[in-house]
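The first residue in the sequence is number 1, and the count goes up from there.
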Amino acid sequence: MLDKKVAQLINTQINKEFYSAYLYLDFANFFQEVGLDGFANWYDVQAQEERDHAMLMRTYLFNNSEPVSFEAVDKPDVEMKEIIDPLKAGLKHEQYVTSLINTIYQAANEAHDFRTMQFLDWFVKEQGEEEKNADDLIKKYELFGSDPKGLYALNQELLARVYTAPSLVI
């Protein structure tokens with residue numbers, strides 16, 4: 001049986017992950033509108049990852065006989081005028097999600113809930129990758145984005161990204 005605080009934090013995180021998916025779909029919409037289908041694809045894949053993170057957490061709660069409740073998903077509120085805006089907002093958001101995962105991990109540690117800590121280990125590693133990917137995208141855009149040919153090449157690179165479902169046993 002899960003510690004009630006840990007279970008509640010995971011349930012809250014499920015809703016945060018769905019918000020993340022909405023946010024990244026909003027970013028994808030922005031990039032479609034400005035004609036950067038590769039950037040849109042990159043964020044479509046990000047949105048799918050976030051949805052699957054929520055579903056993994058949902059399954060974890062169900063597997064531990066905990067109820068799951070969904071809250072309203074907030075409308076994304078990032079102002080996007082320049083191409084760099086969603087990129088920087090994406091990194092900031094991933095850093096925020098990392099802090100949320102760390103809070104759950106800390107609560108699980110305090111409750112001596114080693115099974116949940118082991119479950120969260122994957123998410124801790126994933127967040128490191130997410131932050132690096134977001135930071136790398138900013139760096140690439142800053143290097144190549146002001147050159148039309150460079151922007152085209154970067155857009156093509158991002159267009160080739162495909163979704164791979166997580167292989168996490170819960």
Q: Please check if V34 and L137 belong to a single hydrophobic cluster, counting links between Ile, Leu, Val, Met, Phe, Trp and Tyr side chain heavy atoms closer than 4.5 Å.
A: yes

Q: Look only at the side chain of Q127 and the backbone of E94, and say whether a donor-acceptor pair between them is shorter than 3.5 Å.
A: yes

Q: Given the side-chain rings of Y24 and F27, with only the six-membered ring counted for Trp, is the space between their centroids under 6.0 Å?
A: yes

Q: Does D85 reach the main-chain N or O of E82 with its side chain, forming a donor-acceptor pair under 3.5 Å?
A: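 Such a contact is found between D85 side chain and E82 backbone.
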
Q: Which heavy-atom pair separates F30 from M80 by the least distance, and what is that distance?
A: CE1-O, 3.5 Å

Q: Any side-chain heavy atom of L36 within less than 4.5 Å of one from I83?
A: yes

Q: Contact between Q46 and R161 at the side-chain level, heavy atoms closer than 4.5 Å - yes or no?
A: yes

Q: Would you confirm whether D113, through its side chain, and L2, through its main-chain N or O, come within 3.5 Å as a donor-acceptor pair?
A: no

Q: Could you check if a side-chain atom of R58 sits within less than 4.5 angstrom of a side-chain atom of F70, using non-hydrogen atoms only?
A: yes

Q: Answer yes or no: is there a donor N or O on one side and an acceptor on the other, between the side chain of N64 and the main chain of E66, under 3.5 Å?
A: no

Q: Quick one: does W122's side chain get under 4.5 Å of H53's, heavy atoms only?
A: yes

Q: With hydrophobic residues grouped by side-chain heavy-atom distances under 4.5 Å, do I138 and W42 end up in a single group?
A: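 Yes; W42 is reachable from I138 via cluster members.
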
Q: How long is the straight-line distance from CD of E17 back to CD of E49, given to the nearest 0.5 Å?
A: 10.5 Å

Q: Is it true that F62 and Y60 fall in one hydrophobic cluster, defined by side-chain heavy atoms closer than 4.5 Å?
A: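 F62 and Y60: one cluster.
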
Q: So, do T12 and E71 sit near enough that their side-chain heavy atoms are less than 4.5 Å apart?
A: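 SC-SC contact between T12 and E71 ruled out.
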
Q: Rounded to the nearest 0.5 Å, how far does NZ of K139 lie from CG of L91?
A: 9.5 Å

Q: Measure the spacing between CG of L87 and CG of D135 and express it to the nearest 0.5 Å.
A: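 Nearest 0.5 Å value for the CG-CG distance: 11.0 Å.
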
Q: With the side chain counted from C-beta on, respond yes when V6 and E110 share a heavy-atom pair under 4.5 Å apart, and no when they do not.
A: no

Q: Taking all non-hydrogen atoms of both residues into account, name the closest pair between F31 and P86 and its distance.
A: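 Taking F31 first and P86 second, the nearest heavy atoms are CZ-CG, 3.4 Å.
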
Q: Please report the interatomic distance CE(M57) to CZ(F18), rounded to the nearest 0.5 Å.
A: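 Going from the CE atom of M57 to the CZ atom of F18 covers 10.5 Å.
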
Q: Are L25 and V73 connected into the same hydrophobic cluster when the rule is that any two of I, L, V, M, F, W, Y join if their side-chain heavy atoms are below 4.5 Å apart?
A: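 Different clusters: V73 never reaches L25 through Ile, Leu, Val, Met, Phe, Trp or Tyr contacts under 4.5 Å.
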
Q: When rounded to the nearest 0.5 angstrom, what is the spacing between CG in D52 and OG1 in T59?
A: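 Here the rounded value is 10.0 Å.
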
Q: Closest approach of V68 and N11, non-hydrogen atoms and distance?
A: CA-OD1, 3.1 Å

Q: Of the non-hydrogen atoms in A28 and D44, which two are nearest, and what is the gap between them?
A: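 Between these two residues, the closest heavy atoms are CB-OD1, 3.2 Å.
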
Q: Please tell me whether D121 and Y105 have a donor and an acceptor in their side chains that are separated by less than 3.5 angstrom.
A: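 Judged by distance alone, the side chains do pair up.
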
Q: Side chain of D3, backbone of A108: donor and acceptor closer than 3.5 Å?
A: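 Not a single qualifying donor-acceptor pair exists.
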
Q: In terms of heavy-atom contacts, does CD of E129 have more than 12 from other residues, nucleotides or ligands at under 6.0 Å?
A: yes

Q: Can you tell me which residue among Y19, Y22, Y43 is in a ring-ring contact (aromatic ring centres under 6.0 Å, His included) with H93?
A: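 The ring-ring contact (aromatic ring centres under 6.0 Å, His included) with H93 is passed solely by Y19 among Y19, Y22, Y43.
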
Q: When clusters are formed by joining ILVMFWY residues with side-chain heavy atoms under 4.5 Å apart, either directly or through shared neighbours, do Y152 and F39 land in the same one?
A: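 Different clusters: Y152 never reaches F39 through Ile, Leu, Val, Met, Phe, Trp or Tyr contacts under 4.5 Å.
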
Q: Taking all atoms of both residues into account, what is the closest heavy-atom pair of G38 and N155, and its distance?
A: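 Heavy atoms of G38 and N155 come nearest at N-OD1, 2.9 Å.
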
Q: Specify the closest pair of heavy atoms between N41 and L158, including all atoms of both residues, with the distance to one decimal.
A: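 Reported closest heavy-atom pair: ND2-O, 2.9 Å.
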
Q: Counting N and O atoms only, with roles assigned by atom type, does the side chain of R51 sit under 3.5 Å from a partner on the main chain of A21, one being a donor and the other an acceptor?
A: no

Q: Starting at CD1 of I104, measure out to CG of L120 and round the result to the nearest 0.5 Å.
A: 6.0 Å

Q: Side-chain contact, heavy-atom cut-off 4.5 Å: T116 with I10?
A: yes

